[in-house]
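Here's the structure, in structure tokens; my notes come after.
Worth knowing before you read on, the calculation uses all heavy atoms, side chains too, and leaves out hydrogens, waters and symmetry mates.
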Amino acid sequence: MNILFMINAYTAQGQNARIAKIFESELTKEGCAISYLFHAGTRPEYRKAKKSRQTNLYPFYFCITGDYTAFIERLSGMRKPSFRCLREIAVHPYLFLVALKRKAVEALGIERLKLSGVYQRKLERLCRKNLFDVVIAVSNPFDAPEALSNASISCMKAHYQIDPYAYNDILPEQSRQKRLQQEVAWFQRIEKTIMPPELYAHALRHETGKHIKNPLLLGYPLVRDLKPQIAASAHPSIRLDEDKINVLFLGALNIPIRDPSFLFALFSMMEDADIRLHIVGSRLPNAVAVEAEKASFGKIVFHDYIPQEEAFTLMHDADILLNLGNSEIHQLPSKILDYISLGKPIINIYKKEGCPTLKLMKEYPIALSLLENMDDIGKRAAEVAQFCRRAREENIPFEHISALYEAYTPQFAAERMLQYLSH
């Protein structure tokens with residue numbers, strides 16, 4: 001089977017690119033040929049993809065989206081706007097003009113100048129030159145399924161949806177109706193739909209669920225043996241204190257999806273001075289991070305973002321791994337499956353009853369799940385400290401992990417996907 005994935009970026013660490021690459025590793029074993037059509041998010045990434053000369057990569061760069069993102073990132077990164085930063089923006093007014101053009105395109109609804117329109121033209125041109133059996137748009141971003149649903153191509157269309165679109169809880173109500181019309185059109189025009197069970201259950205509670213026909217429900221295929229990747233990776237730039245019990249949280253703390261207030265209070269109240277919580281890549285404002293470190297008397301330590309290959313090694317080196325659940329219970333934090341793959345003790349803090357992490361943690365032998373609740377937080381802090389002391393040396397062999405979580409392994413997911421696409 002000749003499969004084309006539509007993803008947002010091939011070299012970045014986005015969730016959809018990561019899932020597509022994991023499927024590639026398994027599907028090629030079954031004789032499938034895998035290719036990628038993707039929007040390179042930055043000019044350097046586009047140049048890197050072109051220089052690689054891989055015949056299965058079809059990158060393109062869309063300046064209205066990419067340069068606009070670069071402009072916004074430059075502004076957001078200016079905690080204290082220095083003269084040099086302001087001068088760079090002034091010297092490159094092109095970025096500002098692109099930002100204005102982006103807003104004009106959105107306001108006027110010029111489909112041809114939107115990213116989805118560019119995706120569609122690239123896809124149609126590519127399919128005229130190549131004989132693909134199926135095209136799979138992996139979202140987010142949702143420009144990919146929008147382009148796929150409108151594209152005039154002869155091969156099968158499939159949508160792997162990993163995020164809600166119309167009924168995304170963090171979006172304003174006024175944009176919901178337009179998004180609902182788009183999403184319904186996707187399900188009508190695209191023959192096959194693949195999504196996590198939690199997302200399908202969420203869709204059934206809303207209008208979109210009426211239009212999803214015979215979907216394939218797959219958990220994230222992220223439970224895999226990470227030892228080869230850890231052995232091949234460089235030593236992480238972050239050093240952990242071997243004399244302390246090192247608890248690690250990796251990922252962004254996006255308010256309101258992942259509010260860290262309870263987490264900060266929990267470790268600030270902890271009396272055990274030998275426990276350290278390391279937070280890597282939080283994206284929190286510097287002032288917030290400094291205040292949290294001070295309030296915890298050094299028990300919370302913040303670190304900058306590190307590459308994925310270093311992250312796995314750092315997780316392996318930590319004593320305890322910590323997961324902070326989402327406020328949206330229809331989304332499973334993918335990092336918890338990385339944690340499970342390593343067999344380390346896990347502290348799982350969840351925000352709501354019905355959180356999908358609870359089902360996973362119920363089967364996990366060395367886990368502590370805590371509901372976010374500020375009542376009696378001192379007792380909860382003592383419970384966490386006791387768990388850290390007791391479980392720090394424990395580890396579960398991967399053979400046992402893969403048997404417990406077979407439905408989340410790449411082998412299981414790839415086999416189910418091939419069967420689904422073949423009928």
Side-chain angles (χ1 to χ4, degrees), residues 1-42 44-46 48-60 119 123 126 132-141 143-145 148 158-163 194-196 216 218-234 250-251 306-313 315 332-342 402 405 407-418 420-421:
M1 185 177 287
N2 196 353
I3 301 173
L4 175 68
F5 281 104
M6 297 174 69
I7 57 177
N8 62 339
Y10 182 78
T11 57
Q13 296 184 38
Q15 176 73 316
N16 61 355
R18 187 158 75 121
I19 287 176
K21 289 177 188 177
I22 288 173
F23 271 115
E24 178 187 10
S25 66
E26 294 300 321
L27 292 172
T28 50
K29 295 176 185 177
E30 302 297 326
C32 296
I34 309 297
S35 302
Y36 297 92
L37 171 63
F38 63 97
H39 171 236
T42 64
E45 184 183 344
Y46 174 72
K48 181 179 179 181
K50 293 294 285 185
K51 284 180 181 178
S52 72
R53 299 190 182 278
Q54 287 181 245
T55 56
N56 68 328
L57 298 186
Y58 301 99
F60 68 93
Y119 251 126
L123 175 62
L126 192 58
F132 296 112
D133 297 301
V134 59
V135 177
I136 304 175
V138 189
S139 59
N140 197 1
D143 305 279
L148 180 61
H159 178 201
Y160 192 150
Q161 187 169 351
I162 59 177
D163 290 303
I194 306 164
M195 58 174 50
L216 172 62
L218 280 183
Y220 294 140
L222 298 176
V223 174
R224 69 267 189 229
D225 190 355
L226 294 174
K227 288 178 184 176
Q229 291 174 259
I230 293 170
S233 67
L250 276 160
I306 60 173
Q308 184 76 69
E309 55 270 18
E310 287 188 28
F312 289 141
T313 306
M315 285 190 278
L332 177 72
S334 60
K335 77 167 65 62
I336 201 168
L337 295 171
D338 292 330
Y339 290 175
I340 287 171
S341 298
L342 287 164
S402 60
Y405 298 97
Y408 294 91
T409 60
Q411 299 89 339
F412 178 89
E415 183 180 324
R416 292 288 304 277
M417 178 183 278
L418 267 183
Y420 180 66
L421 297 177

Could you go step by step and tell me if Leu27 and Met417 meet the side-chain contact (heavy atoms from CB on, under 4.5 Å) rule?
CA-CA 9 Å; Leu27 292 172; Met417 178 183 278; 4.3 Å; yes
When you look at Arg18 and Gln308, which way does the side-chain contact (heavy atoms from CB on, under 4.5 Å) test go after all the steps?
CA-CA 10 Å; Arg18 187 158 75 121; Gln308 184 76 69; 4.2 Å; yes
Intermediate values then yes/no, side-chain contact (heavy atoms from CB on, under 4.5 Å), Tyr220 and Ile22
CA-CA 10 Å; Tyr220 294 140; Ile22 288 173; over 6 Å; no
List the steps, then state whether side-chain contact (heavy atoms from CB on, under 4.5 Å) holds for Asp163 with Met195.
CA-CA 9 Å; Asp163 290 303; Met195 58 174 50; over 6 Å; no
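A distance of 10.0 Å separates CD1 of Ile336 from OH of Tyr408, quoted to the nearest 0.5 Å. One finds the CD1 atom of Ile194 at 12.0 Å from the CD1 atom of Ile162 (value rounded to the nearest 0.5 Å). Put simply, CG on Leu342 and CG on Asp225 are 9.0 Å apart, with the number rounded to the nearest 0.5 Å. Between the CD1 atom of Ile34 and the OG1 atom of Thr28 there is a distance of 7.0 Å, given to the nearest 0.5 Å. Going from atom CG of Leu421 over to atom CE of Met1 covers 5.5 Å, rounded to the nearest 0.5 Å. Atom CD of Glu24 sits about 8.5 Å away from atom OG of Ser35, to the nearest 0.5 Å.
Of all non-hydrogen atoms in Ser334 and Leu222, the two that sit nearest each other are CB-CD1, 3.6 Å. Tyr58 and Leu37 make their closest contact through O-CD1, 3.3 Å (heavy atoms, listed as atom of the first residue, atom of the second, distance). When all heavy atoms of Asp133 and Asn2 are compared, the pair lying nearest together is OD2-N, 2.6 Å. Residues Arg416 and Leu216 come closest through the heavy atom pair NH2-CD1, 3.4 Å. Here the closest heavy-atom approach between residue Leu250 and residue Tyr339 is recorded as N-OH, 3.4 Å. Scanning all heavy atoms of the two residues, the minimum distance from Ala414 to Glu26 falls at CB-CB, 3.5 Å.
Annotation: side chain of Leu332 is in contact with side chain of Leu337 (closest heavy-atom distance under 4.5 Å). Thr313 has its side chain out of reach of Met315: every pair of non-hydrogen atoms, C-beta onward, lies at least 4.5 Å apart.
Centroid-to-centroid, the aromatic rings of Phe38 and Phe5 stay 6.0 Å apart or farther.
When the side-chain contact (heavy atoms from CB on, under 4.5 Å) test is applied to Ala413, the partners found at least two apart in sequence or on another chain are Phe23, Leu218, Pro221.
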